[in-house]
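Here the structure is laid out as structure tokens; the discussion comes afterwards.
Within every chain, numbering begins at 1; the chains are lettered A, B, ... in the order of the sequence lines, protein sequences first and strands thereafter.
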2 protein chains.
Amino acid sequence: MTYSIGEVSNLLDISISTLRYYDKEGLLPLVNRTEGNIRRFNDTDIECLNMIECLKTTGMPLKDIKVFFEWCEIGDDTIDQRYELFLAQKQKTEEKIKELETALKRINYKVEYYRIAKEKGTTSSPDFEEALAMRYLQKKDTQSTEDQTTPAASKSQAV
Amino acid sequence: MTYSIGEVSNLLDISISTLRYYDKEGLLPLVNRTEGNIRRFNDTDIECLNMIECLKTTGMPLKDIKVFFEWCEIGDDTIDQRYELFLAQKQKTEEKIKELETALKRINYKVEYYRIAKEKGTTSSPDFEEALAMRYLQKKDTQSTEDQTTPAASKSQAV
DNA sequence: TATTGACCTAAAGTTAAGTTTATGGGTTAT
DNA sequence: ATAACCCATAAACTTAACTTTAGGTCAATA
């Protein structure tokens, strides 16, 4: 099965110009062309594009993705490099997830903070302060696993 | 307690030029200055910078972060907007984490793939194919929670 | 006193990852 | 057969988030 650039664009939700850009940058080694110079993408190309999306999601820059594909083309001599690449990317991704989870806790605290502020109509009344403190203490007692606050954030009204 | 720009830079691991850039872009409402026009950061400024880092981590562009701080300055009339902002950011962050976890599975599969390739010295022998299949089936049987493969990825040797 | 080091501004430069524009070829529907 | 599409390239443009550069102040130190 082969696909035109427009079909691939719809299939993978990547713009046509981005696909051409990736091809030009050498991220898609050897995309076939018709006699009329029109690209025909095959299943391997689709696989490559899926892998590009995967690596891009985890924050790998296109130039590094390109190097990976070059290693693939070279063959078995580059197995070690490719192993190290994925091992490093695994670590980076795990770290990224942890960072996001830490940030999410702060954000969840803010959602709670502003939910109470909405109820009270202000962020600067004793009533608000108390409701916030109540909510915060209550959660501590009940050992809720989600929506934990970051104590540092609760020190300041400023943000 | 107040801090010079250099101290803040060391404290939060943000470059001096980035701090000046944030200030210029209006992300740090009202940083105090000495008579000699030197910035003195206080604890509220540090709090703001921590919040900037948090929001930046979750992918919020600086212009949106700026809007948030402007809302903070306006006061209680913007509580609803701020609530919605954090609610939206909570959702985006949860989605981002899921995306990363999906990508991580693919990457974990590749780590396994290349670990076996290293052992066998190739990615294209029947021996390698078999070892990979063994490993994959074995994991299915034992219900391992980590390092699951994405079946799509196992279809192609290409990448 | 001269120089070093930390700070300041404004403006230009950089990088990544595309997107847009200008120009043109080939096929299909009215 | 002419308009409407889909495809092609090259080159210029865009955006975000910084970073670098050039030029200047000021305080402490050798």
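Using a 4.0 Å cut-off on heavy atoms, the residues of residues 21-28 of chain A that approach DNA chain C are A/Tyr21, A/Tyr22, listed by number. Remark: B/Ile16 in residues 9-19 of chain B come within less than 4.0 Å of DNA chain C through at least one heavy atom.
Nearest heavy-atom pair across B/Leu27 and B/Phe69 is O-CD1, 3.4 Å.
At least one side-chain heavy atom of B/Leu85 sits less than 4.5 Å from a side-chain heavy atom of B/Met60. The shortest distance between side-chain heavy atoms of A/Leu28 and A/Leu49 falls below 4.5 Å.
Between A/Tyr114 and B/Phe86, the ring planes are parallel. Angles under 30° get that label, and only those over 60° would be called perpendicular.
A salt bridge links A/Lys90 with A/Glu94; the closest basic N to acidic carboxylate O contact falls under 4.0 Å. Salt bridge status for A/Arg115 with A/Glu119: present, with a side-chain N to carboxylate O gap under 4.0 Å.
Atom C1' of nucleotide D/dA16 and atom CD1 of B/Ile65 are separated by 12 Å, given to the nearest angstrom.
With 3.5 Å as the limit, one finds no donor-acceptor pair spanning the side chains of A/Thr57 and B/Glu99.
Closest-nucleotide positions on DNA chain D for A/Ile38 and B/Lys56 were compared, and the one nearer the 5' end corresponds to A/Ile38.
B/Arg40 comes within contact range of no nucleotide atom at all, as no heavy-atom separation falls under 4.0 Å.
Dashed line: the shortest gap from a side-chain N or O of A/Arg39 to OP1 or OP2 of D/dC7 is not under 4.0 Å. Between B/Arg20 and C/dA11 there is no side-chain N or O to OP1 or OP2 distance below 4.0 Å.
Applying the salt bridge (charged side-chain N to carboxylate O under 4.0 Å, His left out) rule to A/Asp45 yields no partners; only residues at least two apart in sequence or on another chain are considered.
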